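In listed order, ligands and their atoms are each counted from 1. These numbers were taken from a predicted model, which means no experiment stands behind them. Values below: all heavy atoms of this structure, side chains included; hydrogens, waters and symmetry mates excluded.
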Amino acid sequence: MNCIELRNVVKRYGNVTALNNVSFAIECGERVALLGPNGAGKSTTLKLIVGLLKPDSGEVLVKGLEPISIQARRIIGYLPEDASPYLMLTVRENLEYIASLRGVDNVKERVNKFLELLALKPYERNRVMSLSRGNRQKLSLALALIHDPEILLLDEPLNYLDIPTQERIISLFNSMTNATILVSTHIMSIAGRLANKVIILSGGQVVWQGNISDLRKFGEENEPVESIV
Ligand code: ATP
């Protein structure tokens, strides 16, 4: 079953065509990297899937549903590129609020689990405005994962994180074996650690999609992959 599907999607911002006839399908349980340079249309693609934007034409489906529906939202965990947790609330308050909003059972228990998992326990009483970029990013990740979503949409999830924390987060994603993951990145090596399939966007169009192991072949037959991403 397809968990995510885009059919001939066009998205414009005024005169700028961010996505130009994009189609792809991701089966439930797959891990896919959305790879491409700045401005390729990666963030726009994720925003369409989560229902924050509507396509100008074409269709976006999440498990066969329009993303705007409540059911689609409940099953999605979305990490925006520049996520902004509530600055005036503490780390714990942010987590408890979002967990309650998403109908999580045993909110306190779940929040404690994520504080531990992301090494945020020492900061639980700190307001977000006082946190480092790295700790804000960890909190944003916790907020995306707190309701145990079936589908994870992650926009540059390793931004602002130091190398040991990046490794910890990569292990966390790799332990979520039942989840469907679509991760946006412009870094090939990150794609290789998090996904086994790749969709390459360039100038708002899909220029290649397939298994990550075949990507090198594509690079040899075309311009080097490193120059695309
Ligand atoms: P980045 O990694 O830089 O965020 P991206 O691959 O995620 O790049 P998008 O952010 O989806 O790309 O942007 C695709 C195109 O749409 C770019 O040309 C960008 O300038 C434009 N764009 C994105 N958001 C807006 C907006 N709100 N208003 C106008 N143009 C926009």
Side-chain angles (χ1 to χ4, degrees), residues 3-26 30-62 66-68 72-73 76-85 133-134 136-141 143-144 151-161 165-166 169-170 173 180-195 197-210 212 215 218-219 222-229:
C3 261
I4 299 171
E5 193 173 352
L6 270 70
R7 294 183 189 154
N8 307 109
V9 169
V10 175
K11 177 67 199 170
R12 295 187 197 92
Y13 301 99
N15 293 332
V16 178
T17 301
L19 294 182
N20 188 4
N21 204 28
V22 167
S23 298
F24 62 78
I26 297 175
E30 280 187 327
R31 289 158 180 270
V32 179
L34 198 54
L35 204 56
N38 288 341
K42 306 182 297 297
S43 299
T44 300
T45 302
L46 297 187
K47 285 178 191 166
L48 285 161
I49 297 168
V50 82
L52 288 172
L53 295 175
K54 283 192 160 195
D56 290 300
S57 62
E59 247 187 320
V60 179
L61 296 169
V62 176
E66 296 237 345
I68 204 74
R73 287 215 171 171
I76 289 177
Y78 171 53
L79 173 78
E81 187 172 14
D82 276 307
S84 56
R133 291 301 292 265
R136 275 193 211 187
Q137 182 73 356
K138 286 195 274 177
L139 173 60
S140 302
L141 275 163
L143 293 170
I151 299 173
L152 277 176
L153 303 175
L154 306 164
D155 205 343
E156 307 274 1
L158 305 184
N159 276 357
Y160 315 117
L161 301 177
T165 310
Q166 288 188 12
I169 302 294
I170 289 169
F173 290 144
T180 306
I181 299 183
L182 179 60
V183 55
S184 147
T185 178
H186 60 279
I187 303 170
M188 179 61 200
S189 59
I190 291 181
R193 298 288 306 279
L194 290 173
K197 289 201 171 175
V198 176
I199 297 167
I200 300 182
L201 278 181
S202 185
Q205 292 186 303
V206 175
V207 293
W208 191 83
Q209 53 184 318
I212 216 155
L215 190 53
F218 169 76
N222 297 273
E223 51 185 317
V225 172
E226 288 73 18
S227 71
I228 296 170
V229 297

*Any chance you could measure L34, atom CG, to D155, atom CG, to the nearest 0.5 Å?*
8.5 Å
*Contact between H186 and ligand 1, counting heavy atoms under 4.0 Å?*
no
*How far is atom 4 (O) of ligand 1 from its nearest protein heavy atom, and which residue and atom is that?*
E81 OE1, 3.1 Å
_Donor-acceptor pair, distance only, cut-off 3.5 Å: does the side chain of Q166 make one with the backbone of L161?_
yes
*Tell me which one of G36, G39, S202 gets a heavy atom nearest to atom 1 (P) of ligand 1.*
G39
_Whether the side chain of K197 engages the backbone of A33 through a donor-acceptor N/O pair (distance < 3.5 Å, no angle test) should be reported._
no
*Please confirm whether G41 comes under 4.0 Å of ligand 1, counting heavy atoms of the residue only.*
yes
*asked:* With the threshold set at under 4.0 angstrom, would you say P37 reaches ligand 1 through any of its heavy atoms?
replied: yes
*For A18, take its heavy atoms, then give the atoms of ligand 1 lying under 4.0 Å from any of them.*
14 (C), 15 (C), 16 (O)
_atom 9 (P) of ligand 1: nearest protein contact (heavy atom, Å)_ = T44 OG1, 3.7 Å
*Under a 4.5 Å cut-off applied to non-hydrogen side-chain atoms, are E59 and E5 in contact?*
no
*Under the side-chain hydrogen bond (donor to acceptor under 3.5 Å, both in side chains) test, which residues partner N8, sequence neighbours left out?*
N21
*Look up atom 20 (O) of ligand 1 and tell me if a protein heavy atom lies less than 4.0 Å from it?*
no
_F173 backbone acceptor or donor facing R31 side chain under 3.5 Å_ = yes
*Could you go step by step and tell me if D82 and R133 meet the salt bridge (Lys or Arg N to Asp or Glu O under 4.0 Å) rule?*
CA-CA 10 Å; D82 276 307; R133 291 301 292 265; 3.6 Å; yes
*Would you confirm whether T17, through its side chain, and L19, through its main-chain N or O, come within 3.5 Å as a donor-acceptor pair?*
no
*ligand 1 and V16, any nitrogen or oxygen pair closer than 3.5 angstrom?*
no
*asked:* For ligand 1 and E156, I'd like to know whether there is a polar contact (N/O to N/O, distance under 3.5 Å).
replied: no
_Minimum-distance protein heavy atom relative to atom 29 (C) of ligand 1_ = Y13 CB, 3.4 Å
_Winner among G14, S43, G204, A40 once heavy atoms are compared against atom 7 (O) of ligand 1_ = S43
